[in-house]
Amino acid sequence: MEIRVNLDVMMARRKIQSGDLAERIGITPANLSILKTGKAKAIRFSTLMALCHELDCQPGDLLEFIDDAPGQGDH
Amino acid sequence: MQDWLKSKSILFSKLGVLIFAGLLAALDIGGWWIVRWFGNLRHLPRQNSLGILIALYLCSVFGWILLWSMWKLLRNLGRGQVFTEANIRLLQRVSLCCAAAAFICAMGVVVYTPFLIPVAAAGFMALIVRIVRNVFQKALEMKNELDLMI
């Protein structure tokens, strides 16, 4: 079970560079890289809001829930 | 006034470490005469005085390690490096030095019973520093996690 960050996919769709996006949302390129590579432990609402605003998307476009645990959710 | 005191807090702590270093150096230099005077005052046998002298110099070794560790810790704090692995190691060393001094004094109880007082004091100090070290360890874990919150 994990939350996958599809930020790189969205960035490719919007054709935006990491440096530009980091500057626009007000975080460092290093932190954006942590987010892109899925190493982040948490994301602030303010960051998510800024990302959605800049990439013109919904939180669901950036975050995806992967349920690979067997038996969970089966009825 | 309070801001000024806050900004100079580490400086005052460093001054405290230097004062204790001076006292320890004085004890190292005058250890022989101090113990001889004390032995005469308490009418202690010669071998007991020798035992106290050995305990004093053994504790002094750990005292220097402790003061040097505290100096390095204060230097790191002054540089803004607070919750780091290095500081946790330094606190661990301080705690071990206190425990070692308590152990040496415990051995010294055989030659001079009131050594029980420094045993309790150093042992309790070791415990306090150990708890502070545990706090630093937890804080470092939280900081590392917070660093990954974007």
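Labels below follow one simple rule: chain letters A, B, ... track the order of the sequence lines, proteins then strands, and each chain is numbered from 1.
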Contact part of A:Ile34 toward chain B, heavy-atom cut-off under 4.5 Å: side chain, backbone, both or neither?
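Answer is side chain: those atoms of A:Ile34 sit under 4.5 Å from chain B.
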Please indicate whether [X] has more than 12 foreign heavy atoms, meaning atoms of other residues, nucleotides or ligands, lying under 6.0 Å from its [atom1].
| X | atom1 | answer |
| --- | --- | --- |
| B:Met70 | CE | yes |
| B:Phe103 | CZ | no |
| B:Leu41 | CG | yes |
| B:Arg42 | CZ | no |

Only counting residues at least two apart or in another chain, list the ones meeting side chain to side chain contact (heavy atoms under 4.5 Å, CB included) with B:Leu58.
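With neighbours one apart ignored, the set is B:Ile54, B:Ile104.
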With B:Leu23 via side chain to side chain contact (heavy atoms under 4.5 Å, CB included) - residues at least two apart:
B:Ile19, B:Phe20
Who pairs with B:Arg133 by side chain to side chain donor-acceptor pair (under 3.5 Å), at least two apart in sequence or on another chain?
B:Gln92
Criterion side chain to side chain contact (heavy atoms under 4.5 Å, CB included) against B:Ile150, the qualifying member of A:Leu48, A:Leu35, A:Leu51
A:Leu35
Between chain B and chain A, which N or O donor and acceptor atoms come closer than 3.5 Å?
| residue | atom | partner | partner atom | Å |
| --- | --- | --- | --- | --- |
| B:Leu148 | O | A:Lys41 | N | 2.7 |
| B:Leu148 | O | A:Ala42 | N | 3.4 |
| B:Ile150 | N | A:Ala42 | O | 3.0 |
| B:Ile150 | O | A:Arg44 | N | 2.8 |
| B:Ile150 | O | A:Thr47 | OG1 | 3.2 |

